[in-house]
Amino acid sequence: MNKTRLEAFSDGVLAIIITIMVLELKTPSAPSFKSLLQLFPVFISYVLSFIYVGIYWNNHHHMMHTVKKVTGGILWANLHLLFWLSLVPFATAWIGEHHFAAFPMLFYGFILLMCGVSYTILQSIIIKAHGEDSLLFKAVGKDFKGKISVVLYLIAIFSTYYHEMISGIIYILVALMWLIPDKRIEKILASE
């Protein structure tokens with residue numbers, strides 16, 4: 001099976017996710033700075049989630065460059081990732097509207113955790129389909145960055161019991177960790 005349909009479908013879903021998030025941004029209720037300032041939590045939650053979806057799109061794009069064949073397992077694992085990413089707009093709207101309250105922040109963290117877990121599953125299934133001599137396996141190795149992200153999400157989720165902004169800071173730190181372009185796949189592709 002050709003990977004082009006998988007990439008096109010994934011790109012389309014991610015574009016829709018970003019569109020849904022931006023449509024959640026409402027205009028201020030009055031023509032004043034105070035009214036605009038009241039929307040600050042909604043805007044910040046949008047920016048963070050936009051960055052996260054962008055990171056997943058970027059890494060998914062790079063990962064698909066290593067795929068030579070698409071199996072049924074890869075298709076289902078990809079849908080699993082897209083399912084969790086499709087919940088990002090809902091969680092984003094919730095944390096923004098409730099000014100980063102504890103339970104919405106916990107839920108947002110759970111969605112991010114599941115996105116990370118599902119991405120790792122997809123990566124593992126691609127490696128299984130292509131073998132341990134595959135480009136992806138050579139590029140990611142033991143994937144320390146992916147594993148530490150999942151651990152940080154768990155810490156952030158439990159941090160909401162103490163103070164929700166601790167979890168917010170951890171979500172930002174994980175995003176910053178991935179925002180720095182991951183050159184592992186590019187390097188291995190260039191060397192092949």
Side-chain angles (χ1 to χ4, degrees), residues 6-64 78-120 122 145-146 148-182:
L6 174 69
E7 290 174 306
F9 178 74
S10 300
D11 287 348
V13 170
L14 292 170
I16 291 168
I17 289 169
I18 288 174
T19 303
I20 290 169
M21 284 191 315
V22 78
L23 291 175
E24 287 293 320
L25 295 176
K26 305 296 180 212
T27 57
S29 59
S32 67
F33 182 72
K34 181 181 178 187
S35 184
L36 180 63
L37 202 54
Q38 290 172 343
L39 296 176
F40 187 72
V42 174
F43 181 72
I44 291 300
S45 65
Y46 167 76
V47 169
L48 180 61
S49 293
F50 182 91
I51 290 169
Y52 265 110
V53 173
I55 288 166
Y56 276 102
W57 175 79
N58 190 330
N59 288 320
H60 187 273
H61 172 76
H62 280 85
M63 185 167 52
M64 287 299 123
N78 192 68
L79 279 173
H80 182 232
L81 170 63
L82 294 175
F83 169 77
W84 290 108
L85 286 168
S86 72
L87 292 173
V88 169
F90 172 76
T92 302
W94 202 14
I95 64 172
E97 287 175 23
H98 296 282
H99 298 229
F100 309 104
F103 191 74
M105 287 294 279
L106 182 145
F107 183 76
Y108 186 75
F110 176 74
I111 297 301
L112 294 178
L113 170 68
M114 294 311 297
C115 288
V117 167
S118 61
Y119 186 88
T120 302
L122 174 59
K145 200 172 173 182
I148 194 70
S149 298
V150 169
V151 170
L152 288 171
Y153 289 140
L154 288 169
I155 292 169
I157 288 168
F158 288 109
S159 295
T160 59
Y161 290 109
Y162 301 103
H163 198 286
E164 58 274 1
M165 291 321 282
I166 295 170
S167 59
I169 290 167
I170 295 171
Y171 301 149
I172 291 167
L173 289 174
V174 174
L176 289 173
M177 185 173 73
W178 284 98
L179 194 59
I180 299 165
D182 192 354

Take Leu106 and Phe103 through the side chain to side chain contact (heavy atoms under 4.5 Å, CB included) test and state the conclusion after the steps.
CA-CA 5 Å; Leu106 182 145; Phe103 191 74; 4.2 Å; yes
Going by heavy atoms in the side chains, are Leu6 and Asn78 under 4.5 Å from each other?
yes
If you compare all heavy atoms of Glu24 against all heavy atoms of Glu97, which two are closest, and at what distance to 0.1 Å?
OE1-OE2, 4.3 Å
Side chain to side chain contact (heavy atoms under 4.5 Å, CB included) between Asn58 and Ile55, intermediate numbers included:
CA-CA 5 Å; Asn58 190 330; Ile55 288 166; 5.8 Å; no
Non-hydrogen side-chain atoms of Phe33 and Leu37 separated by less than 4.5 Å:
yes
Mind running side chain to side chain contact (heavy atoms under 4.5 Å, CB included) on Phe9 and Leu82 for me, showing each step along the way?
CA-CA 10 Å; Phe9 178 74; Leu82 294 175; 3.6 Å; yes
Would Leu87 and Phe83 count as a side chain to side chain contact (heavy atoms under 4.5 Å, CB included) if you check the C-alpha gap in whole Å, the side-chain angles of each, and the deciding distance to 0.1 Å?
CA-CA 7 Å; Leu87 292 173; Phe83 169 77; 4.0 Å; yes
Heavy atoms only: give me the nearest Ser167-Thr160 pair and the separation to one decimal.
OG-CG2, 3.3 Å
Fit a plane to each ring of Tyr108 and Tyr171, take the angle between them on a 0 to 90° scale, and name the class: parallel (under 30°), tilted (30 to 60°) or perpendicular (over 60°).
perpendicular
Would you say Tyr161's side chain and Ala102's backbone share a donor-acceptor pair under 3.5 angstrom?
no
Using modelled atom types and a 3.5 Å cut-off, is there a donor and acceptor pairing between side-chain atoms of Lys26 and backbone atoms of Leu23?
yes
Find the distance between CG (Leu48) and CD1 (Ile172) and round it off to the nearest 0.5 Å.
6.0 Å
For Ser45 and Gly96, work out which heavy atoms get closest and say how close.
OG-CA, 3.6 Å
Side chains of Ser35 and Ser29: is there a donor and an acceptor less than 3.5 Å apart?
yes
Hey, mind stepping through Phe110 and Trp84 against ring-ring contact (aromatic ring centres under 6.0 Å, His included) and telling me if it holds?
CA-CA 10 Å; Phe110 176 74; Trp84 290 108; 5.7 Å; yes
Taking side chain as C-beta onward, heavy atoms only, is Tyr52 less than 4.5 Å from Val88?
no
Between Trp94 and His98, what is the ring plane arrangement, given parallel below 30°, perpendicular above 60°, and tilted in between?
perpendicular
For Ser118 versus His80, what's the shortest heavy-atom pair and its separation?
CB-ND1, 3.2 Å
Under 3.5 Å, is there a donor-acceptor pair between the side chain of His163 and the main chain of Ser159?
no
Please tell me if the side chains of Ser149 and Met177 come closer than 4.5 Å, counting only heavy atoms from C-beta onward.
yes
With the side chain counted from C-beta on, respond yes when Leu173 and Leu152 share a heavy-atom pair under 4.5 Å apart, and no when they do not.
no
Closest heavy-atom pair, Leu112 versus Tyr153, reported as atoms and distance to 0.1 Å, is O-CE1, 3.5 Å
Would you indicate whether the side-chain heavy atoms of Ile18 and Leu14 approach each other to under 4.5 Å?
no
Any side-chain heavy atom of Ile111 sitting closer than 4.5 Å to one from Cys115?
yes
Do Phe100 and Met165 have side chains that get closer than 4.5 Å, going by heavy atoms?
yes
Any idea which heavy atoms bring Met105 and Glu164 closest together, and the distance?
CE-O, 3.7 Å
